[in-house]
There are 2 protein chains.
Amino acid sequence: MTQTRRERLHDTTREEIKDAARAQMTKEGTAAVSLRAIARAIGMTAPALYRYYSSRDELITALILDAFNALADAMLNAYDHAPANNPLDQMKAVMIEYRAWAVAHRVDFQLIYGNPIPDYHQTPEVSALTALASARSFEPLVRATETAIRMELIVPPDEYVNLPAEILNPLKTQIERYGYDISPTTFYLVIMAWGHGHGLIMLELDGHLQPIVGDVTTLYAHRVNDLLRQMGSTVRE
Amino acid sequence: MTQTRRERLHDTTREEIKDAARAQMTKEGTAAVSLRAIARAIGMTAPALYRYYSSRDELITALILDAFNALADAMLNAYDHAPANNPLDQMKAVMIEYRAWAVAHRVDFQLIYGNPIPDYHQTPEVSALTALASARSFEPLVRATETAIRMELIVPPDEYVNLPAEILNPLKTQIERYGYDISPTTFYLVIMAWGHGHGLIMLELDGHLQPIVGDVTTLYAHRVNDLLRQMGSTVRE
DNA sequence: CGTATGATGTGAACTATGTTTACTAATACA
DNA sequence: TGTATTAGTAAACATAGTTCACATCATACG
C-alpha cells in the first residue's frame with residue numbers, strides 16, 4: 001500500500017479529472033461528458049487524459065461507481081444516526097435520505113438510475129459491482145424493517161404475510177441466494193417502499209411533481225409516514 | 001385542410017424521418033439520434049433533412065410530442081375498453097396499461113420520462129404542450145378514481161380524507177386552477193398510485209427489478225391490486 | 001406551351017467530438 | 001550521472017451538427 005510520490009500525483013490527477021467531469025455534468029447534463037472539455041478545464045490536452053483513464057467509458061464507469069458508493073454511504077450514515085433502538089425511525093430516516101441524496105446529487109443519481117449515457121457500454125464486471133453497491137444501499141432499510149417486524153412495531157396485514165406463491169417463490173429464491181436472514185414479507189415491503197419512493201423521486205427530478213403538489217419535501221415525508229402505516233406500523237405518529 | 005401533392009409528399013418524408021429516428025433510438029439509445037445516420041438510413045444526405053426539420057432539436061421535439069400523445073391514447077384506450085360501469089376495473093386497466101406501454105415502447109417512455117438528451121433544449125411552448133399531454137394521460141385514472149369514490153366502491157381511510165393542510169392546500173389550488181371536478185382525496189390517491197407505478201416501471205426498465213422479483217408483470221399486477229385495497233376498495237378481489 | 005419560381009437535394013466546409021500515433025520533456029531510480 | 005519510465009503535446013482520422021453555394025426538377029402562371 002506504500003505509494004510513491006508519482007503514484008500519489010497520479011491519483012490526485014485522476015480525482016481532478018473526475019471532479020471536472022462532475023462539474024461538467026452538473027452544468028450540461030450527464031450525457032455531455034466531453035474529454036476535450038474536461039482537458040480544457042484542467043489545463044491539459046485531451047490525449048493526456050488517456051494516461052489516467054483508458055477511455056471515456058472507463059471514466060464514466062469510475063463516476064458511476066463513485067455515485068453508487070456515495071449513495072450507499074449516505075443511506076448507511078442516515079441509518080447509523082437514527083435512534084438505535086427505534087427501527088421505525090431508522091426506516092423513515094433511510095427513506096428520507098434516499099430522496100435527500102437524490103435531490104442534492106441529481107447528476108449522480110441520474111448517473112445511477114437515469115438513461116444510459118450514449119455510446120457508453122458497461123462491462124459485465126462493472127455491472128456486478130454496481131449490483132452489489134445497489135444492494136448495499138438498501139441493506140439498512142432491509143435490516144430496520146426486519147427488526148421492526150421482529151419487535152412487532154410493525155405487524156404486517158395478512159396480505160403481506162401470506163403472499164401468493166408466484167410472488168413468494170422468487171423472493172425466497174433471492175433471499176437464499178444472498179443468504180439474507182430476513183422474511184419474504186420484509187423483502188416485499190422493502191420493494192414496495194423502494195418502488196414508491198423511487199417513483200416520486202424520479203417524477204420530482206423530471207419536474208412533473210413540483211408543479212402539482214407544491215412542496216415535494218412535505219409530500220414525500222407524508223408518503224413515507226403513510227407507507228409505514230400501510231405496512232402495519234402499530235405506533236401512531 | 002386541402003393538401004397539395006407536394007405537401008403530402010413533404011409530410012410523408014417527415015414521418016419517414018421520424019420512423020428512422022425511432023429505429024435508431026431503439027437500437028442505440030435515445031441519446032444517439034444522429035442526423036447523418038438517419039439520412040443514410042433513408043438514402044439522403046444530412047443537409048437534406050433541414051428541409052423537413054429546422055434542427056436536430058426540432059426533430060426530437062416532434063418525437064417527444066408523438067410519444068406523449070401515444071401514451072395518452074393508449075391509456076385512454078385502456079379506459080374505454082374496460083367495463084364502463086366498473087371504475088375499479090377501469091383503474092386497474094389504466095395502471096396496467098401504463099406499465100405495458102412503457103415496456104412495449106421503452107425508448108419512447110425514456111424520451112418522456114428519462115434523462116434529457118444531451119444538447120437538447122426545450123422551448124417553453126413545447127414544455128407547455130408536454131405538460132398538457134402528461135395531464136391528459138392521467139385523466140382516465142383520475143376520472144375512474146373519482147367515480148369509484150362517488151359510487152363508494154372505494155371508501156378511503158381517514159388518512160386520505162382528512163389530509164393535513166400543508167398537503168391539502170396545494171392540491172386544492174391545482175384542482176381549482178384546472179377546473180377539475182374532483183376531490184383532493186382523489187387527487188392524492190392518483191399521485192400515490194402514479195408514484196408507485198412509475199417507480200416500479202423505472203426500476204424495471206433500468207434492470208433493477210427483474211433480477212430480484214423474477215416476473216415483473218406478476219409483481220406489478222399484485223401491487224396494483226394492493227394499491228386499490230390501500231385506497232379503501234370495498235370489493236375483495 | 002414555355003418560363004419563372006420555389007421546393008428538394010447535393011457536396012464542400014466549419015467547428016466540434018473520441019481516439020491513436022509519433023514525438024518531446026520531465027521525473028524517478030540504478 | 002545515465003537511463004528507463006511517465007506525463008504531456010501536436011497532428012491526424014473518423015464521426016457529428018450545421019451552413020452555404022449550387023444544381024435539379026416538379027409545379028404554377030402568363
Side-chain angles (χ1 to χ4, degrees), chain A residues 2-25 27-64 116-123, chain B residues 2-18 20-25 27-64 115-123:
Chain A
T2 57
Q3 283 195 102
T4 69
R5 177 182 141 74
R6 256 204 180 139
E7 286 168 341
R8 257 192 349 260
L9 284 176
H10 194 89
D11 284 0
T12 306
T13 307
R14 275 178 69 97
E15 287 301 318
E16 197 181 345
I17 292 170
K18 283 196 289 187
D19 287 343
R22 274 186 279 260
Q24 199 182 322
M25 287 194 304
K27 255 182 76 179
E28 303 282 342
T30 49
V33 185
S34 150
L35 291 189
R36 291 186 120 108
I38 293 170
R40 270 195 300 275
I42 61 180
M44 293 205 305
T45 57
L49 299 180
Y50 284 76
R51 302 284 172 193
Y52 301 92
Y53 296 95
S54 70
S55 69
R56 180 170 173 271
D57 276 13
E58 205 191 276
L59 170 59
I60 293 173
T61 295
L63 293 171
I64 291 177
I117 292 179
D119 301 328
Y120 171 68
H121 294 291
Q122 212 164 56
T123 64
Chain B
T2 56
Q3 281 194 104
T4 70
R5 177 182 141 76
R6 259 212 179 132
E7 285 170 341
R8 255 190 354 258
L9 285 177
H10 193 89
D11 285 358
T12 306
T13 308
R14 274 178 70 97
E15 287 302 317
E16 197 182 346
I17 292 171
K18 283 196 288 186
R22 276 187 277 259
Q24 199 182 324
M25 287 195 305
K27 255 183 77 179
E28 303 282 343
T30 49
V33 185
S34 151
L35 291 189
R36 291 188 120 107
I38 294 170
R40 271 194 301 275
I42 61 179
M44 293 204 307
T45 56
L49 299 181
Y50 284 77
R51 303 286 174 194
Y52 301 93
Y53 296 94
S54 70
S55 69
R56 181 170 173 269
D57 275 13
E58 205 191 277
L59 169 59
I60 293 174
T61 295
L63 293 171
I64 291 177
N115 275 6
I117 291 180
D119 301 328
Y120 171 69
H121 294 291
Q122 212 164 57
T123 64

Exercise for review: Classify the nucleic acid contact of Thr13(B) as base, sugar-phosphate or nothing, counting any heavy atom under 4.0 Å across all strands shown.
Suggested key: nothing
Does a side-chain N or O from [X] land closer than 4.0 Å to OP1 or OP2 of [N], or not?
X        : N       : answer
Arg36(A) : dA16(D) : no
Arg40(B) : dA16(D) : yes
His10(A) : dA7(D)  : yes
Ser34(A) : dG18(C) : yes
Thr45(A) : dA10(D) : no

Send over the distance from [X] [atom1] to [N] [atom2], rounded to a whole Å.
X         : N       : atom1 : atom2 : result
Ile38(A)  : dT19(C) : CD1   : C1'   : 14 Å
Tyr53(A)  : dG8(D)  : OH    : P     : 13 Å
Tyr50(B)  : dT18(D) : OH    : C1'   : 4 Å
Leu9(A)   : dA26(C) : CG    : P     : 16 Å
Leu59(B)  : dA16(D) : CG    : C1'   : 15 Å
Leu35(A)  : dA14(D) : CG    : C1'   : 16 Å
Leu49(B)  : dT10(C) : CG    : P     : 9 Å
His121(B) : dG17(D) : NE2   : C1'   : 14 Å

Exercise for review: Applying side chain to side chain contact (heavy atoms under 4.5 Å, CB included), run through Leu35(A) and Tyr50(A) and close with a yes or a no.
Suggested key: CA-CA 9 Å; Leu35(A) 291 189; Tyr50(A) 284 76; 3.5 Å; yes
Exercise for review: Just compare dG18(C), dG8(D), dT10(C) and give me whichever is closest to any side-chain atom of Pro47(B).
Suggested key: dT10(C)
Review point. Between dT18(D), dT19(C), dT10(C), which one does the side chain of Met44(B) approach most closely?
Key: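 Nearest nucleotide to the side chain: dT10(C).
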Review point. Is any N or O donor-acceptor pair between the side chain of Arg51(B) and the base of dG9(C) shorter than 3.5 Å?
Key: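 Yes, the side chain and the base share a sub-3.5 Å donor-acceptor pair.
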Practice item. Could you tell me whether Asp19(A) and Arg22(A) make a salt bridge, using a distance below 4.0 angstrom between a side-chain N and a carboxylate O? Key: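 Looking at Asp19(A) and Arg22(A), the cut-off is met.
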Revision key, fill the gap. Rounded to the nearest 0.5 angstrom, the CD-OG1 distance for Glu58(B) and Thr61(B) is 7.0 Å
Exercise for review: Please confirm whether the backbone N or O of Ala46(A) pairs with a side-chain atom of Arg36(A), one donor and one acceptor, at under 3.5 Å?
Suggested key: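 Judged by distance alone, no pair lies under 3.5 Å.
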Exercise for review: Determine yes or no for a side-chain-to-main-chain donor-acceptor pair under 3.5 angstrom, with Tyr52(A) supplying the side chain and Leu59(A) the backbone.
Suggested key: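 No; zero donor-acceptor contacts below 3.5 Å.
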